[in-house]
There are 2 protein chains.
Amino acid sequence: MELSERKLKILRAIISSYIQEGEAVGSRTISKKHNMGISSATVRNEMSDLEELGYLIQPHTSAGRVPTDKAYRLYVNGLLKSTSVSKYSEQINRILQEEINEMNSFIKNSARILSNFTHYTSFAMTPQLRESRLKHIQLVPVSDNKILLVIVTENNIIKNVVFKMSSPIPHDQLNRISNLLTVKLSGVKLSMLNRELQNEILREIHSIRESFDEKLDELMVLLMNTANQYEKVELYYDGLTNILNYPEYSDTNKAKELLSFVEDRESFTKALLNVEGKDLSILIGKENEFEQIKECSIVTATYKLNGIIIGKVGLIGPTRMDYKNVISMVKSLSFNINKLINENYTDTKRSETDG
Amino acid sequence: MELSERKLKILRAIISSYIQEGEAVGSRTISKKHNMGISSATVRNEMSDLEELGYLIQPHTSAGRVPTDKAYRLYVNGLLKSTSVSKYSEQINRILQEEINEMNSFIKNSARILSNFTHYTSFAMTPQLRESRLKHIQLVPVSDNKILLVIVTENNIIKNVVFKMSSPIPHDQLNRISNLLTVKLSGVKLSMLNRELQNEILREIHSIRESFDEKLDELMVLLMNTANQYEKVELYYDGLTNILNYPEYSDTNKAKELLSFVEDRESFTKALLNVEGKDLSILIGKENEFEQIKECSIVTATYKLNGIIIGKVGLIGPTRMDYKNVISMVKSLSFNINKLINENYTDTKRSETDG
DNA sequence: CTTAGCACTCATTAAGAGAGAGTGCTAACA
DNA sequence: TGTTAGCACTCTCTCTTAATGAGTGCTAAG
C-alpha cells in the first residue's frame, strides 16, 4: 500500500523528532511543533494507521510512538537519492592529505575524521590487494639470518615483512636477488603468486644459472606465503567511546555487549562482510545478521582503486541515527578517499599500457 | 606509627575481601570468615584505629569499611617484594613468539596478552629509538617522484617512510645513494641525525664528487626530518571494554569519562610519562596526576634493549584491582618481552665492538 | 473527514515504612 | 588492660502506595 502524502509527512516528522530527541513522539508534538495545520486527534488517527502498517510502534500504551526499522528504511531510501556531499568536504580533503604518503596511516586517519565529524563509532578497512600487481621487490639485510622483504605494487602501495631464514644469507647477494625477483615477478598479480608460478619461476631461474642460490628456493616459499597473507585486511576504529553518548546505551551491560562485539575485530569484520559492496550501503537494525547489533545501523561506503573495490569505511550507531548528516558525511569522505587514492596510488604502469 | 601485626592482618583481610567482592567490609565478615580468632567487637576497635590512621574509610555510618589509597599502597609495597613470576609465564612466552618478527606487531600482541590474562584494559608503547644506531639504509623506488626510505637499526628494528620528492629521481641511482648513505651514517645514533651532521656529510659527499646528485641535498633533509620523528612512539590498547566489567563503572558517565581519557592517546600518554621508569611501577588512585584517573591504578613495566629502557607496557583499572595477580602477570610479561627482545633485537654490531 | 472532549492506561516520581547491615559505646569479664 | 557481649543508633536499600502527567482511543458533534 502506498502511503498518502500526509502520512508520509507525519512519518517523516516523527522520525526526525525521534532522531533529535530520542523520546517517543506524541500526536500533540507533531500537530503543534511541525505546523501541520491539523489537530492532534487527526494526527492520532494517522499514527494509528501507520502503526497498523508497521511503521510505528508504541513502547507502551500511554507513550508516544517510535519509528520501526521499516520506517527508517523508507526514510533512508528517500535520503539516499537526495543527500549531497557535506559542506565539510574540503576540510575533509585537507585533513586526509596530511597522511597521504602511507596507506595505513591514511586509512586510520579516515576513521578518525569520520568519528570526529559525526560523533559515532567509525571504522575503516585497509585495502585488499589481491588484484594489485607487483612492481618492485627489494630485500634489505637486517641481521645475519633475518631479511626484510619490501614489496611495492604497481599502485604504489608498500608492504613489508621480516623473514627469518634457516641459515645466514650473504648480504651482498640481496640486491642481485632483488633485481632478479623484480624482473621475474613484476606485473604479476598478488593473487597469482601461487605454487605453480613459484615452481615455474624457480625452473626458469635454475635453467639460467645452475647453482644460482640454494637460498632462492626458500626465499620464494616465504614470498608466496607472504603474498597470500595480503588478503588479511586490517580494521581501524575510532571513537569507540562515542557509543556511550547515546541514551540507548546508558545501560552499561548493553553498552558492554555492543562495544565488545565491535572491539573484537573478528566478529565485527564478519558483520561487515554482509554489507553489500555498493558505493553507499546502509544496514538498519534487524537487517543486520548478528544479534548484538540488531539495534544498530551500519553505514558503509566503499573505496576503489582502478575501478575495483578495495576497501570500506563507515560507522556504526543506534538505529536512531542522524542519517541525513551521516550519509552526507560518509559520502564526502568516500568521495575524497577515492579522489586522493586515485591521484596518489593509481596504477601508473597499467594506466599507460591498458588505457 | 608502625602497625601492629594484628592490625596488618586485619587490614590485609579487608583489602583482599574488598578486592574480591567490591563491597564495603564489615567487622563480622573479618571475624568470621578469615579465622581471626577474635570477636567482631575487637575487630571493630582495630578498624576504628585503622580509620583514624587513614587506612580505611566508611562510605557512610552504617556501612562497612573500604581501603584508602594509603592502604593499597601499603598492601602493594608488600606484594612487590614477594610476588613472583606468574605460572602462565611459559604460555605468555609462546604467544609472544608468534609475532616476534615485527616489532610493532610484537608490541601489539603484548597488549593483547595482558588484557586477555588479566581482564583489565592494557596498553603497550612501541620502542623509543633515540639511542639506536643506524645500520642500513635502503631507498626503494615507488613511483616517479615517490621513494621509500627503509632504515634498519643495529638492533634490527625497521622503520620506513615514503617521501615525495619535488621532482622525479632516477631509479637506477637509488642503490648507489643507499650504499653511500649506509656507509656514511651507519653507527650514527638516530638522535644525532641533526642539521650539523647533515651539513658535514653533505660537504664530505660533495668533496668526493662535485656534482654527485643535486637530489641528495633534498634527500638528506627528508632523512633528518624522519629521524626526528622516531621519538614518536605509538600506543596500542587492548581490552578497552573490560573497564565496563567493574561495578565502579556501572555508571555510564563515569565509564565514558575514563574511557575517553584512555582512548584519547594524547592525554593518556601524558599520564604515562609521569610513571617512573622502574622495572615495575604502580600508581594508585590519587597518586595519578590527572583528575579522570584518580580512582584508577596504573601498573607499568618497562622493557629494555641493551640495558636502556625503550618502552613500557601495563594496564589500568579501578584502584580496587587484583594487584597480586596483576603484578605477577605484568612481571611475567615484561620478563618475557625483555628476554625475547634481547634475543631477537640485540644490538649485534655493538655487542661485538663494545662488549 | 476533522476535531473537541473525556475516560483510561501506564511509566515515572516522591514519600513513607520496614528490613538489614554495620557501627559505636557501655559494661562485664579474664 | 585487652576482649567480648549486648544494645541502641544510623543509614542505605527495597518495597509499597499514591499522585502526577503524558499520551492514547473512542465518541459524538461540527
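Please read all numbers here as calculations on a predicted model, not as lab measurements. Every chain is numbered from 1 and lettered A, B, ... according to where its sequence line falls, protein lines coming before strand lines.
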Inset, instruction - Taking only the side-chain nitrogens and oxygens of A:R6, find out if one of them lies under 4.0 Å from OP1 or OP2 of C:dT2. - result: yes
Inset, instruction - Calculate the interatomic distance between B:E23 atom CD and C:dG20 atom P; express it in whole Å. - result: 16 Å
Legend entry - Contact list for DNA chain C against residues 40-51 of chain B - heavy-atom distance below 4.0 Å: B:R44, B:M47
Inset, instruction - Identify, with sequence neighbours excluded, every residue that meets side-chain contact (heavy atoms from CB on, under 4.5 Å) alongside B:N253. - result: B:D251
Inset, instruction - Quickly work out the A:K32 NZ to C:dA4 P distance and round it to whole Å. - result: 10 Å
Inset, instruction - Using a strict cut-off of less than 4.0 Å between a Lys/Arg side-chain nitrogen and an Asp/Glu carboxylate oxygen, indicate whether B:E248 and B:R320 qualify as a salt bridge. - result: yes
Inset, instruction - Could you check how far CD1 of A:I38 sits from P of C:dT3, rounded to whole Å? - result: 7 Å
Legend entry - Any side-chain donor near an acceptor of the partner, A:Y237 and A:S115, under 3.5 Å: no
Inset, instruction - In whole angstrom, give the distance that lies between atom OH of B:Y18 and atom C1' of C:dG22. - result: 16 Å
Inset, instruction - Find the distance B:R28:CZ to D:dT3:C1' and express it as a whole number of Å. - result: 17 Å
Legend entry - salt bridge (Lys or Arg N to Asp or Glu O under 4.0 Å) involving B:K312 - partner list, sequence neighbours excluded: none
Legend entry - Salt bridge flag under 4.0 Å for residues A:K286 and A:E295: no
Legend entry - Nucleic acid contacts of residues 57-70 of chain A, taken as heavy-atom distances under 4.0 Å to DNA chain C: A:H60, A:T61, A:S62
Inset, instruction - Take the protein atom CD1 of B:I14 and the nucleotide atom C1' of C:dT23, then report the distance between them rounded to whole Å. - result: 13 Å
Inset, instruction - Would you mind reading off the distance between B:I30 atom CD1 and C:dT23 atom P, rounded to a whole angstrom? - result: 10 Å
Inset, instruction - Identify whether the distance between the nearest side-chain nitrogen and carboxylate oxygen of A:R65 and A:E51 falls below 4.0 Å. - result: yes
What pairs of donor and acceptor atoms, side-chain ones from residues 18-32 of chain B against any protein atom, are under 3.5 angstrom apart with sequence neighbours left out?
residue : atom : partner : partner atom : Å
B:S27   : OG   : B:R44   : NH1          : 3.2
B:S31   : OG   : B:I38   : O            : 3.1

Inset, instruction - Give a yes or no on whether a salt bridge exists between B:E287 and B:R73, defined as a side-chain N under 4.0 angstrom from a carboxylate O. - result: yes
Inset, instruction - Applying salt bridge (Lys or Arg N to Asp or Glu O under 4.0 Å), name anything that partners A:K270, two or more places apart in sequence or on another chain. - result: none
Inset, instruction - Let me know the distance between CE of A:M36 and C1' of C:dT2, rounded to the nearest Å. - result: 16 Å
